[in-house]
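Data first, discussion second: the structure below is written as structure tokens.
What you see is a predicted model, and the numbers here were worked out from it, not measured in a lab. FYI, side chains are in, hydrogens and waters are out, and symmetry mates aren't considered; it's all heavy atoms of this structure.
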Amino acid sequence: MNTLLVIATILVLALIGFVLGRRRIIRQAEGVYSRLHSLPTYHGHFVALWCAVPALVLLAVWVPLEPKLAMSAALSHFQDDIGIAANLESIKTSTLALLLQVPKDATTIELDALRSDQLDLLRTEIRNMADGTASTGHAAFMEEVASVYAGFRDISTILMVAACVAVAGLGAGVAYSRVRPEMRARNRVETAVRWFMILCSTVAILTTLGIVLSLLFESMRFFARVPITEFLFGLHWSPQMAIRADQVGSTGGFGAVPLFAGTMLISAIAMCVAVPVGLLSAIYMAEYADSRVRAVIKPCLEVLAGIPTVVYGFFAALTVAPLFRQWGESIGLDVSSESALAAGMVMGIMIIPFVSSLSDDVITAVPQAMREGSYGLGATRSETIRRVVLPAALPGIVGGVLLAVSRAIGETMIVVMAAGLAANLTVNPLQAVTTVTVQIVTLLVGDQEFDSPKTLAAFALGLVLFVMTLLLNIIALHVVRKYREQYE
Amino acid sequence: MTYQQPHTEASVSYPETTAGSPLVAGGVKVAARDANVHYADKHAIKDVTLDIAPHEVTAFIGPSGCGKSTFLRCLNRMNDTIDICRVTGDIRLDGEDIYDRKVDVVQLRARVGMVFQKPNPFPKSIYENVAYGPRIHGLVSHKDELDAVVHGSLERAGLLNEVQDRLESPGTGLSGGQQQRLCIARAIAVSPEVILMDEPCSALDPIATAKIEELIDELRQNYTIVIVTHSMQQAARVSQRTAFFHLGNLVEMGDTETIFTNPEHKLTQGYITGRFG
Ligand SMILES: Nc1ncnc2c1ncn2[C@@H]1O[C@H](COP(=O)(O)OP(=O)(O)O)[C@@H](O)[C@H]1O
Ligand SMILES: [Mg+2]
């Protein structure tokens with residue numbers, strides 16, 4: 001709360017700095033703006049930046065540091081005065097003594113000798129008491145320690161406000177005094193903006209890097225227990241492991257091939273639905289439909305993209321799968337009630353708008369001049385589409401399809417609900433298969449130990465999934481870029 | 001020979017028989033009578049009546065937006081591809097009404113080829129660009145014949161020497177002038193009778209322009225050519241006859257020399273002497 005207030009104050013100061021800086025340079029210009037190196041606005045921004053940035057940096061350092069310093073002050077007070085008999089006594093009579101396991105005949109408490117969880121407990125106690133919330137027992141001495149903590153914090157807050165305002169004012173003052181017609185305010189402001197953008201992109205990059213590294217390290221832990229070759233090439237997947245020695249029937253098999261195969265099978269079925277339907281509707285929309293028809297169809301397809309995947313999921317599990325089973329039985333086929341076909345078909349329908357809108361974009365991006373050139377030679381519309389428009393748009397379409405594939409591979413909800421858990425190694429779409437994403441979900445649902453191979457396997461599967469979709473995306477983006485270059 | 005202003009209605013009267021009487025000596029390739037074009041509400045071409053003689057270069061000149069392209073595109077029904085465009089009146093190729101229901105627009109466009117303002121080769125090889133037309137019209141039955149047509153067309157478009165050893169490389173990799181000659185070769189490959197060119201040099205540098213103009217002069221032996229141009233010098237250099245359009249009207253049409261030296265109409269005179277446009 002206090003922090004927000006300080007930020008608001010700094011921003012108000014910056015605004016004032018902006019106005020003053022601008023006014024000063026306008027006055028200095030005496031109406032001859034060509035004398036200025038930079039426009040007045042840049043001088044305003046220059047002052048505002050000098051006002052806000054150092055103060056905000058100070059704030060960003062201070063805020064996380066403040067409780068730490070306050071706590072170490074409180075703890076050192078605790079350590080210094082615990083030797084006083086009355087203080088120790090008051091603790092011994094409170095529940096804290098139990099939690100800290102203070103012996104009856106103790107003469108002091110050595111903080112260094114406490115276990116880390118006990119120390120954490122003590123810290124929480126101090127913090128809670130300072131905030132006036134629940135505590136374990138109001139030992140008089142602890143109240144005293146907590147008041148040290150609270151007092152330090154209060155002083156620190158006041159100091160922080162003062163320091164931030166001072167730094168803001170100082171920065172603004174220095175910048176203000178440097179506002180001169182010949183000052184290169186524009187270059188400086190632009191440099192600052194550039195650094196800010198670099199900072200933002202660094203955050204994005206670091207986050208990605210962090211996720212990838214954690215995937216990598218956890219996977220390594222998994223591969224330390226299960227050989228990577230078994231994982232990548234093994235044909236047997238049954239991740240249930242015996243937790244207690246006397247359990248039976250769970251040996252733990254981590255051969256992921258059935259999962260990859262299942263993922264591929266379902267994705268392939270999905271693409272068999274999505275590519276023809278999506279591509280043909282894109283061609284229709286881009287080349288044949290007049291604007292009124294287009295105005296109806298395009299939003300309809302987009303609605304398809306807006307349906308939550310969980311809805312597709314139960315649609316697949318409760319409507320499509322039983323339907324397929326019925327049909328199969330009526331013609332004497334044995335269709336599993338969780339067939340790959342049902343999950344794949346519904347996933348394909350989900351992906352249609354993906355394929356159609358990307359293809360629509362690239363088809364419309366083929367220059368009208370290409371079509372006119374073809375019509376001018378006496379080609380019909382369908383000849384023009386087949387021989388000129390589609391070949392020209394093909395790389396873009398391929399890129400779109402690859403993106404759709406990576407979407408299909410990563411899709412989770414539909415397969416969790418409709419594809420089943422049995423890790424069958426089969427290419428028969430009428431049987432139940434399972435996918436990488438489904439297994440990740442089942443491995444992590446419920447209470448888990450975080451370092452059993454079963455849980456760690458999820459990271460390894462995630463890593464494989466990540467590498468697969470990453471490769472597909474890289475290829476797709478590359479292809480799409482190639483296509484763009486062709487027309488620029 | 002000159003025209004009276006067609007839009008002053010009483011001034012010209014044609015027989016009801018749609019063929020009309022020829023307005024040029026020595027045969028008529030394309031004849032338009034009272035052609036009108038509307039883009040939705042916009043009246044872009046107003047009662048245009050003119051004849052185009054075979055084996056001549058006819059130039060359409062006039063200020064921007066006066067309807068030169070629109071009228072040109074009526075001659076091979078390219079306007080059919082624009083939804084809001086409506087063409088009325090009577091336009092004939094060799095005496096046959098091209099807007100008749102029975103006419104197959106595909107065949108019409110094979111007879112009346114077109115070259116566009118911006119070179120628009122297909123993103124295919126040079127060879128495939130030229131082979132495109134013959135292929136879709138089934139004009140050739142085997143590869144040797146196709147080779148011959150492609151080479152012949154490139155030759156006549158004056159491009160063969162420059163691209164002979166790279167027929168398989170993409171047409172889009174050529175220079176602007178070469179691309180435009182490739183488009184001309186592509187049009188020639190279906191053996192059209194008429195070639196329409198809509199400002200074919202406006203995207204080209206002077207040297208490439210000179211080459212195309214030279215080419216147009218040669219092509220006149222075998223084809224009837226209609227060229228829209230912004231440049232009056234170009235019209236004077238390449239054409240035998242010139243039509244001047246203004247705000248959708250055909251103001252005046254006649255021998256190029258007459259139009260440029262002794263125009264009938266004040267508007268034409270103004271445009272030619274650079275007073276407007
Ligand atoms: N596709 C179109 N839709 C609507 N109006 C058009 C279209 N094409 C041309 N026009 C209009 O028709 C008139 C003639 O255009 P155009 O034939 O391109 O002129 P020019 O080629 O002589 O510069 C212009 O006023 C233009 O705005
Ligand atoms: Mg034009």
Side-chain H-bond candidate by donor/acceptor type, [X] with [Y], under 3.5 Å:
{"X": "Arg181(B)", "Y": "Gln178(B)", "answer": "no"}
{"X": "Thr469(A)", "Y": "Ser406(A)", "answer": "no"}
{"X": "Thr88(B)", "Y": "Tyr99(B)", "answer": "no"}
{"X": "Asn187(A)", "Y": "Tyr42(A)", "answer": "no"}

- Message: If I measure from the heavy atoms of chain B, does Ser291(A) come under 4.5 Å with its side chain, its backbone, both, or neither?
- Response: neither
Chain A contact via [X] - which portion, at a heavy-atom distance below 4.5 Å:
{"X": "Val112(B)", "answer": "backbone"}
{"X": "Tyr132(B)", "answer": "side chain"}
{"X": "Pro121(B)", "answer": "backbone"}

- Test: Arg86(B) cationic atom under 6.0 Å from Tyr39(B) six-membered ring centre, within 45° of axis: no
- Item | cation_pi(Arg186(B), Phe122(B)) dist<6.0 Å, angle<=45 | yes
- Task: Spell out the residues in residues 135-142 of chain B that have some non-hydrogen atom less than 4.5 Å away from a non-hydrogen atom of chain A, in order of number; otherwise answer 'none'.
- Result: Arg135(B), Ile136(B), His137(B)
- Apply salt bridge (Lys or Arg N to Asp or Glu O under 4.0 Å) to Lys102(B) and Glu96(B), showing your working. CA-CA 10 Å; Lys102(B) 281 179 298 215; Glu96(B) 186 191 357; over 6 Å; no
- Is the side chain of Gln180(B) donor-acceptor paired with the backbone N or O of Phe116(B) at a distance under 3.5 Å, no angle test? yes
- Task: Could you tell me which of Met78(B), Met114(B), Gln107(B) has the largest number of non-hydrogen atom pairs under 4.5 Å with chain A?
- Result: Met78(B)
- Task: Could you tell me how the ring of Phe71(B) sits relative to the ring of Phe245(B): parallel (under 30°), tilted (30 to 60°) or perpendicular (over 60°)?
- Result: tilted
- Of Arg387(A), Arg371(A), Glu372(A), Arg381(A), the largest count of non-hydrogen pairs under 4.5 angstrom with chain B goes to Glu372(A)
